[in-house]
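Counting begins at 1 with the first residue of the sequence. All values below were derived from every heavy atom in this structure, side-chain atoms included, with hydrogens, water molecules and symmetry-related copies excluded.
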Amino acid sequence: MRLYLALFLPFLPTERLRICGGAPDDGPFALVEKRANAQRLYALDPAALEQGLASGLSLSDARARAPRLVVAPADPKADCDLLLNLAARCARYTPLTALDEPHGLVLDIAGCAHLFGGEEAMRQRIIADFSAWGFAARAAVAPSPDCARALARFSSGGVFKDNAEAAVAHLPLAALEADEDAHFALHRAGFKTLGDLAARPTRMFAARFGNEFPYRLERVFGRADRRITPLRPPPERMVERHFLEPFSAREVLDAVIADLLREAAFLLEQRGEGGRRFELSFFRADGHVRCLDVETLRPTRDENFLAQLFREKLDSLADPLDPGFGYDALRLAVPRAEKCDALQESFEGAPQSDSERELRELLDRLTTRFGRARVLRFMRGDSHEPERESRTAPVSAPPSEWSAPIAGEPPARPLTLFDPPQPVEVVALAPDGPPARFRWRRKMHDVLRAEGPERIAPDWRTQGLEAPERDYYRVEDVEGRRFWLFRHGLYERGEGTPRWFIHGLFA
């Protein structure tokens with residue numbers, strides 16, 4: 001049986017400003033927005049509600065009723081960002097959390113409640129945590145998201161695991177959250193509660209309000225489960241620890257991380273897998289969540305090596321880990337895993353040598369310490385232009401297949417490329433012939449041998465950007481030095497006087 005916990009934060013916008021210091025400590029307070037060419041109330045605090053104010057009321061009418069009312073402009077985007085932050089904090093209770101606008105969250109707690117002592121204990125824990133963070137909250141547990149939402153927003157909340165239908169039957173019509181026309185028609189027909197609707201045949205409602213209306217009733221009464229779409233898909237491989245008392249000592253933290261890695265390694269071994277990416281989440285007692293992740297070049301479940309990587313990560317953080325008032329939960333997830341035999345093998349199928357393993361572990365440590373963007377490997381580029389024939393990618397990316405050189409032939413490309421190519425002065429035997437001598441860096445070179453031309457045309461990325469074709473020559477001077485030169489532009493096409501450049505050195 002699936003269970004959902006709906007969380008409603010009725011004063012989220014005003015509490016956001018109170019936490020930031022942008023609201024008065026006492027007295028009625030409200031947020032306003034411009035609607036229908038008038039300033040109207042958008043959200044209120046409890047003191048403003050006690051004055052008889054309501055959302056949608058014009059600001060002039062509100063000040064007439066409550067002269068001491070303090071107002072501030074509404075910021076729905078900031079409210080949404082705060083709700084997303086609170087949803088991330090709820091990951092300590094369950095990995096399945098979804099937004100429930102306006103100002104609410106829905107948590108899929110199936111299989112999680114026993115970690116907190118049951119559904120009611122979990123509900124009370126969440127309400128207490130949100131209260132400690134500065135937010136008033138109501139929560140309800142029910143068999144469907146819509147049922148839990150209705151009970152959280154239109155009742156005092158509670159756990160309705162087996163009596164959800166009876167509890168929903170006492171809710172007002174507003175709990176159905178139908179459009180204004182449907183609500184007005186039902187009210188005129190004499191219906192006052194959702195129980196009144198349940199006692200009538202659904203055919204009459206479908207004929208009057210459409211086929212969606214009976215299905216909405218089924219969901220609100222908990223008979224149909226539409227499931228939720230979590231903000232982040234939960235990883236299939238995950239272990240976690242919860243603590244009655246928060247801790248902050250680094251020695252204890254290292255011990256907990258080692259214990260989590262040991263359990264994750266056992267879980268991966270049972271599945272015949274090794275992890276490629278490991279994500280560790282730190283849940284502080286004040287609600288702050290910090291996530292760290294490490295990646296490996298090959299699938300692994302070596303807990304000692306992974307513990308070393310996480311120590312490297314913690315020690316190299318530019319923004320050091322701040323325990324605050326302590327951690328009350330830690331979670332280790334393995335979002336990326338691959339098949340892994342008990343014996344690691346190389347690409348050729350032979351057991352991995354010590355040097356290969358040490359090189360791989362060194363690259364993993366460097367990546368962990370300096371980041372994926374700073375430990376790179378050369379990859380084959382999708383272009384025939386020399387500047388784009390290779391590119392860099394994180395060392396964790398699959399290696400490219402490079403074309404093998406032809407036996408007995410000199411290399412077609414130099415080992416060293418100049419970026420950008422350097423200009424040279426060339427004397428050629430013919431306008432479109434190979435160079436006979438050239439001056440580079442104020443030194444004259446007499447050409448002994450020349451091979452070419454190899455014509456390279458611009459590809460689709462540079463066509464139309466004044467990028468003429470190039471004629472490349474491999475040349476060797478009388479001292480045995482070998483250069484890669486090209487003529488930029490062609491005489492035959494009337495492109496003016498071509499210029500010469502040196503693009504690389506063979507030796």
Do we see a donor-acceptor contact under 3.5 Å between the side chains of E312 and Q308?
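Q308 and E312 do not have a side-chain donor-acceptor pair below 3.5 Å.
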Residue pairs passing the salt bridge (Lys or Arg N to Asp or Glu O under 4.0 Å) test where at least one lies in residues 186-197, sequence neighbours excluded:
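Of all non-adjacent pairs touching residues 186-197, none passes salt bridge (Lys or Arg N to Asp or Glu O under 4.0 Å).
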After noting the C-alpha distance and the side-chain angles of V141 and F160, does the key distance pass the side chain to side chain contact (heavy atoms under 4.5 Å, CB included) rule?
CA-CA 6 Å; V141 177; F160 306 94; over 6 Å; no
For Y215, is the NZ or CZ atom of R219 found under 6.0 angstrom from the centre of its six-membered ring and inside 45 degrees of the ring axis?
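The answer is yes; both the distance and angle limits are met.
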Within the distance-only criterion (no hydrogens, no angle test), does the side chain of D108 pair as donor or acceptor with the backbone N or O of A110 below 3.5 angstrom?
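Yes, D108 side chain to A110 backbone: donor-acceptor pair under 3.5 Å.
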Should the pair [X]-[Y] be classified as a salt bridge under the 4.0 Å nitrogen-to-oxygen rule?
X    : Y    : answer
R18  : D45  : yes
K77  : D75  : no
D315 : K313 : no
D146 : R149 : no
R65  : D61  : no

Working to the nearest 0.5 Å, report the span between CZ of F8 and OG of S155.
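Going from the CZ atom of F8 to the OG atom of S155 covers 11.5 Å.
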Once rounded to the nearest 0.5 Å, what's the spacing between atom OG of S144 and atom CD of E218?
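Those atoms lie 10.0 Å apart.
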